Amino acid sequence: MTEGPNTLSGCSCGGSDATDAQLRRREVIRIAAAAGAAVALGPLGATAASARPAAGDLLVPDETESNPVAIKAADVQPGKPMLAYPFDPSSKQIRNDSKLNKIVLVRVAEADLDADSKARAAGGVLGFSVVCTHQACDAKTWNAADKALVCFCHASKFLVLEGGRVLSGPAPRALPMLPLKLQGDQLVVAAPFTTPPGGATS
Amino acid sequence: MSRVLKTLRVAALWSPIAAAIAAPATYSPVTDARLQKPEPGNWLMYRGNYNGWGYSPLDKINAGNVGKLQLAWSFSTGQVDGHQSPPIVNNGYMFVTTPGAQVIAIDAKTGQQIWRYKKELPAELIQVHPTNRGVALYGDKVYVATVDASLVALDAKTGKMIWTKQVGDWKAIQYMTLAPLAVKGKIIVGSSGGETGVRGFIAAFDAETGNEAWRTFTIPAPTDPGGDTWPGETYKNGGGSIWITGTYDPETNLTYWGTGNPAPWQSDLRKGDNLYTSSTVALDVDTGKIKSHHQYHWNDAWDWDEVSAPVLIDTEIKGKKTKAAVHAGRNGYLWLLERTPDKLNFIDAWNYVLNDVITGVDKKTGRVSYDESKRPTTAKGAKFCPSLWGGKDWPPEAYNPQTGLFYIPANNNLCAEMPKADPATPYKKGELYIGYPLDGVLGSLRFKDQAGPQTIGELQAWDLKTGKQVWTHKFPTVIWAPLLTTGGKLVFTGGANDRMFRAFDATSGKVLWETPTPSGVTGVPTSFEVDGEQFIAVQSGWGVDAERMQAGMDALGRKTFVPQGGTVMVYKLGK
């Protein structure tokens, strides 16, 4: 990949005039239609937008609706967890049709990482499912004292330097990790989630 | 080995028949007449009667013999988190709910499961408050309001789903935890989500078909009466959530509901009274129209929901026979209102726990005034009492017509310190909408003084005729203690982190009996009778806010451990 704006939607969306905006809207509508079809098909009919992250996916900020820009390792600031969704480069779809695909990225000091975590980190950045394993709320609040992600509903704490292990709170298991690698300076998914994401809702 | 397998196979073949034997032979349909005058031996709704008393007239278990209570049977629900629902009983059929809105029908005499309903919940569902507060019974159906904002009707005898209606949008974190209210062919519910920017509502559904009959927002639109108490578009996500069952007065056909606090919590961003938040609203059951209201405190900044519906008591107050609506507020004041067909008139109010925010109550209108230095805003943090969880959170009060006393499960001597609020942040669907950093909220609990008080939880008994506090039992810990009172002149409750379930003398407050349970008791206790024998029932199962508040106490140095896991506990007199 080259330096620059890192726009991922393909050349048709590179500009900023009205025609391109219309094209983007059409793209959004087409994605929405595909998502609708997936609902009709049931869980087996997963689309690129709802399928779990796969090796080779890029990551884009969670609020991206159009004109996606890949996240670089340097974009993730210390003490400021960043929310992201995977982006499938082949279908050019953001995998944001399932909240279970939502990722939280945290920057850590590489020297602090244990061996397993180091193997899953890229450029000092770790990726986790943001979905708390207790009741599926977002675990996205940074606790500097414990180097932990804290869930906003019931305050489960997950240790980012120890593979997302539960430090305290009602969560029954660690936050799933999303192994990352670098492609140039961009973050790329290296492997699927280490364990299935989601809360204990059943 | 093969013999074991054979035995297992026989057991499997026999299980449906065993289940059929376990179920009482017939199911007695629940009529309006029965709901208006419940038989003493049954507990047909959330608080036992439409008045919200939490009172059973049964008196075989009484102050003289309660010391002989022992376990009749127990039943493990297999679920964790907050088990708050009352065991509701109709002629031998018991219905309990668990977190995740499972419904279990149990033979009330033997503890054998008759059926169990498990709703398949969406994998992406966020559960901010994993609990459920019980079923409603009407006709031959059982109704449950679910955490993914559905209302479900089940066949009472078989547990078969008859219909289901989506009441709110779970992706916006609207959810239901309350027991529905069944009145005159309607099933009435409301939605939680005060912390996620819901515009609160109460809605009624046809008991037979599930068709929506009416929906009334607790937050008026700009053109509605009260709409001018909200600036701009703030009403759209103004809170006023509904998460505790209403009471009902058949004489006026009015149903009374308590409403939650306004959203977001930064009160300086929504200047005005913010009707009808932190209020009681009275609705006509046929139309859903709001006929009257009383706001306990305007422009809330302290997370003081007033969701407990007022208890309807016809009694003498200040020497005058009064149709009263009585409410122990989360704001720490005990409120006496007079209910008429078109008004809720203020009678009196006084604080039953420490409150340093309210400086006065207008004698005519009941409107409160504030010490504004105690209001946290986007410009400043503040320390205030009582805490965010208030003088009394959701656990229901009780009224005993035998003693004439009104009982309150209170927390005293506790305060909160909130940091400066976040600046204005736009509403975002599916996100928290409170306006404070989470650490600030969860770490807000403070003692009233540095040393820390000797006691916090208080079971209080008040004489409404004189306005006097008759007795108080003090606990060293916080309590989350729903109350049951009985014709045997007893008050039953748990609520403390010591896992105990207790019986108090309703007249004197003396502890007459106590027993440890597997977890902590934050369930609503009930009493019922089968074959002439009286039982006391409650769920043990610690979780939700009791657990969160305990974490706040742990941080203040009062650590404890309360194990998780739900169990239905049923007691009767030993021989």
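Sequence lines set the chain letters: A, B, ... in the order given, protein chains first and strands last, and positions in each chain run from 1. Given the structure is predicted, the values throughout are model-derived calculations rather than measurements. For the numbers below, each heavy atom of this structure counts, side chains included, while hydrogens, waters and symmetry mates do not.
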Heavy atoms of other groups near K428(B) NZ, more than 12 under 6.0 Å
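Yes, NZ of K428(B) has more than 12 neighbouring heavy atoms, counting only those of other groups under 6.0 Å.
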Ion pair present between K102(A) and E124(B), side-chain N to carboxylate O less than 4.0 angstrom?
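Salt bridge between K102(A) and E124(B), a charged N being under 4.0 Å from a carboxylate O: no.
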Which is it for H154(A) and V544(B) under the side chain to side chain contact (heavy atoms under 4.5 Å, CB included) test, yes or no, and what are the steps along the way?
CA-CA 8 Å; H154(A) 313 109; V544(B) 211; 5.9 Å; no
Shortest non-hydrogen contact from H134(A) to P130(B)?
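Closest heavy-atom pair between H134(A) and P130(B): CE1-CG, 4.3 Å.
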Residue part contacting chain B, namely of C151(A), when any heavy atom lies under 4.5 Å:
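Contact with chain B involves the backbone of C151(A) alone.
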How many angstroms lie between atom CZ of F152(A) and atom CG of L442(B), to the nearest 0.5 angstrom?
11.5 Å
Determine the option with the most heavy-atom pairs under 4.5 angstrom with chain B, choosing from A155(A), P170(A), S98(A), G198(A).
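Option with the top pair count is S98(A).
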Output the distance between atom NZ (K99(A)) and atom CG (L125(B)), rounded to the nearest 0.5 Å.
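Interatomic distance, K99(A) NZ to L125(B) CG, rounded to 0.5 Å: 10.0 Å.
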Heavy-atom pair of closest approach, residues C153(A) and V128(B)
SG-CG2, 3.7 Å
Considering all heavy atoms, the nearest I126(B)-C137(A) contact
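The answer is CG2-SG, 3.3 Å.
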By a 4.5 Å heavy-atom criterion (distance strictly below it), what part of D148(B) contacts chain A: side chain, backbone, both, or neither?
neither
